[in-house]
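Throughout, residue positions are numbered sequentially from 1 according to the sequence presented. Since we're looking at a predicted model, the values are computed, not measured.
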Amino acid sequence: MSDSPVIKTMRVVPVAGYDSMLLNIGGAHNCYFTRILVILTDSAGRTGVGESPCHASTLALLARFRPQIEGSELLRQNATIATLFASDARHQQTAHTDNIHIPQMNPEKFYNAAAAIEAALLDLLGQHLNLPVAELLASGKQRDRVPVLGYLFYIADRNLTSMNYQAGHAGGDAWLQLRHEKAMDADGVVRLAEAAADRYGFRDFKLKGGVHHADVEVETVNALLTRFPQARVTVDPNASWSLDEAIYYGKQLAGRIPYLEDPCGAEQGYSGRETLAEFKRATGIPVATNMIANDWRQLQHALQLNAIDIPLADPHFWTMRNAHTVAQLCHEWGLTTGCHSNNHFDVSLAMVAHLGAAAPGDRLTAFDTHWIWQDGQQLTLHAPQIRDGYLELPEGPGLGITLNMARVEAAHELYNSLPDKNRNDALGMQFLIDNWSFDAKRPALLR
Ligand SMILES: O=C(O)[C@H](O)[C@@H](O)[C@H](O)[C@@H](O)C(=O)O
Ligand SMILES: [Mg+2]
């Protein structure tokens, strides 16, 4: 044994929070979203934490990995994580993609579990060395704040459902009210963008598409550009457009948007990587993706085909260290670094801040975060802040956050009370359209 601190306990805490009725190709966000916290304690009396998306199979994997984590030496965390990657769990999970939200973008549960453990270990290591996690990633800390985008959604009318969607707070900050109210057209989305820009200072916006006919979504992008002529605006239809449609609408937007995200996907015997490569050649528009380059093998094929420019390497899909390696690769190979997100708590916000702070080079597109939809529900004592369009790196060693255990326990209670614990956006959508079901090639409202 070295004189490394030893991991004493690993606690896995599924937690829930509230969300708005946000629309996407998978349907409507539930009034609740769920996540997992991995909380490690070590023999030096420190606590480290990581967060991941929540699914029953991820919880099962974390339970399986616990004996390998407890008793391991903190300074040998590379070996510990390598053991997880060498286990058959990584491959077994590949075979089981049932019960998923959007098949093409479903990150394997193995990576979610490994990512939360790795983040908690990095948090502990940073505290042990008195260094921020950004300094532990290979490039070291490059910046103190990371550009983030205003992630805009069409919002359905929660009053059409019997679900427990929360109401906003009238009379206060416009964002905290509007994020709960119906916004189904360009005007509604522009009002949301104004409120988000006032509160967070965004200069970049992304519209979640795959909801209306593409005509409506392009009109919304145009309305955003008219209202914010200096802003970078894009749309992500989650591959619901055909290649022909993507080229048609891409040509309308060319020169005015910095990139398109997953404009099209697999069709007629051609893979999503092949159709995106054709889209790029036809329009010259840079392509970002979180759907077809989510692991090393997919990324290799995507790059060989010259299908993408911006791999949105989400640390929860890749682990923080692997996502950082993708950022290094982007830097060295002339690609642009970006980051995908799902609804998350502030532990994930800190993970994303450290990842962005350590990404080398200047070619960084504003990172995604859903945090603005959850702001106010923090599980830490001082959540990282978004100001002036930037996510600020928390101060202090490790991830720079401290859990608020009373809030964590309350979020865990909420999770325990939920009948549906895995993400299922079809539930809310069925209040809008009878018997609605997911179709990867059709925007959610076109039935
Ligand atoms: O509804 C959402 O939150 C989004 O569609 C995500 O599920 C999705 O992964 C999105 O963030 C994306 O960029 O594709
Ligand atoms: Mg996307």
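- The backbone N or O of Pro132 lies less than 3.5 Å from no partner atom in the side chain of Glu135, so there is not a single donor-acceptor pair.
- Taking the side chain as every heavy atom from C-beta outward, Pro258 and Pro286 never approach each other to under 4.5 Å.
- Using a 4.5 Å heavy-atom cutoff, the side chains of Ile247 and Lys251 are in contact.
- Nearest heavy atom pair, residue Phe367 against residue Gly356, reads CE2-CA, 3.6 Å.
- Test His344, His340, Gln374 against Thr369 for side-chain hydrogen bond (donor to acceptor under 3.5 Å, both in side chains) and you get one pass: His344.
- No donor-acceptor pair under 3.5 Å is formed between the side chain of Ser43 and the backbone N or O of Pro5.
- For Glu70 (side chain) and Arg66 (main-chain N/O), no donor-acceptor pair under 3.5 Å exists by modelled atom type.
- Evaluation of the salt bridge (charged side-chain N to carboxylate O under 4.0 Å, His left out) test over residues 377-397, restricted to residues two or more places apart or in two chains, returns Arg145-Asp388, Arg203-Asp388, Arg387-Glu392.
- Contact of the Pro53 side chain with the Arg35 side chain is registered, since non-hydrogen atoms from C-beta on lie closer than 4.5 Å.
- Between Phe85 and Phe110, the angle of the ring planes goes over 60°, which puts this pair in the perpendicular group of the 30/60° scheme.
- Residues Leu403 and Leu381 approach most closely at O-CG, 4.2 Å, considering heavy atoms.
- Note: His29 and Phe153 have perpendicular aromatic rings, judged against thresholds of 30 and 60 degrees for the angle between ring planes.
- Applying the ring-ring contact (aromatic ring centres under 6.0 Å, His included) test to every pair with at least one member in residues 273-292, sequence neighbours left out, gives no pairs at all.
- For Arg76, the CZ atom is loosely surrounded, since the number of other residues' heavy atoms within 6.0 Å does not exceed 12.
- Under the 6.0 Å distance and 45° angle rule, Lys208 does not count as a cation-pi partner of Tyr151.
- Contact detail for His324 and Pro360: the closest heavy-atom pair is NE2-CD, 4.1 Å.
- The side-chain hydrogen bond (donor to acceptor under 3.5 Å, both in side chains) search around Arg227 returns Glu194, not counting sequence neighbours.
- Residues Arg321 and Leu122 form a side-chain contact, since some pair of their non-hydrogen atoms from C-beta on lies under 4.5 Å apart.
- Shown here for Thr365 and Tyr259, the closest heavy-atom pair between the two residues is OG1-CE2, 3.5 Å.
- Taking the six-membered ring where the residue is Trp, Phe205 and Phe202 present perpendicular rings, their angle passing 60° and hence far from 30°.
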Item to complete: For Asp375 and Arg199, run salt bridge (Lys or Arg N to Asp or Glu O under 4.0 Å): C-alpha distance rounded to whole Å, both residues' side-chain angles, the deciding distance at 0.1 Å, then the answer.
Response: CA-CA 11 Å; Asp375 189 355; Arg199 183 174 172 89; 3.1 Å; yes
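- With Ser20 contributing its side chain and Arg179 its backbone, the two residues share a donor-acceptor pair below 3.5 Å.
- Side chain of Gln68 to main chain of Thr80: no donor-acceptor pair is present (N/O by atom type, distance under 3.5 Å, no hydrogens or angles).
- The aromatic rings of Tyr32 and Tyr18 sit tilted relative to each other, their planes meeting at an angle between 30° and 60°.
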Fill in: Worked check of side-chain contact (heavy atoms from CB on, under 4.5 Å) between Glu73 and Leu75
CA-CA 6 Å; Glu73 292 179 88; Leu75 298 184; 5.6 Å; no
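- Summarising the geometry of Gly50 relative to Ala120, their closest heavy-atom pair is N-CB, 3.7 Å, with the distance given to 0.1 Å.
- Between Asp204 and Lys206 there is no salt bridge, since none of the side-chain N atoms of the basic residue sits less than 4.0 Å from a carboxylate O of the acidic one.
- Judged purely by atom type and a 3.5 angstrom limit, Ser52 has no side-chain atom pairing as donor or acceptor with the backbone of Ala116.
- Contact check for Lys141 versus Leu393: side-chain heavy atoms found under the 4.5 Å cut-off.
- Between atom CD1 of residue Ile7 and atom OG1 of residue Thr41 there is a gap of 7.5 Å, rounded to the nearest 0.5 Å.
- The nearest pair of heavy atoms linking Arg256 to Asn222 is NH1-OD1, 2.8 Å.
- The closest donor-acceptor contact from the side chain of His354 to the backbone of Leu399 lies under 3.5 Å.
- Looking at His331 and Thr337, their side chains never come closer than 4.5 Å, going by heavy atoms from C-beta outward.
- Two residues are said to be in side-chain contact when any heavy atoms from C-beta on lie closer than 4.5 Å; Ile401 and Asp346 fail this criterion.
- The backbone N or O of Cys54 sits nowhere less than 3.5 Å from a side-chain atom of Thr58 that would complete a donor-acceptor pair.
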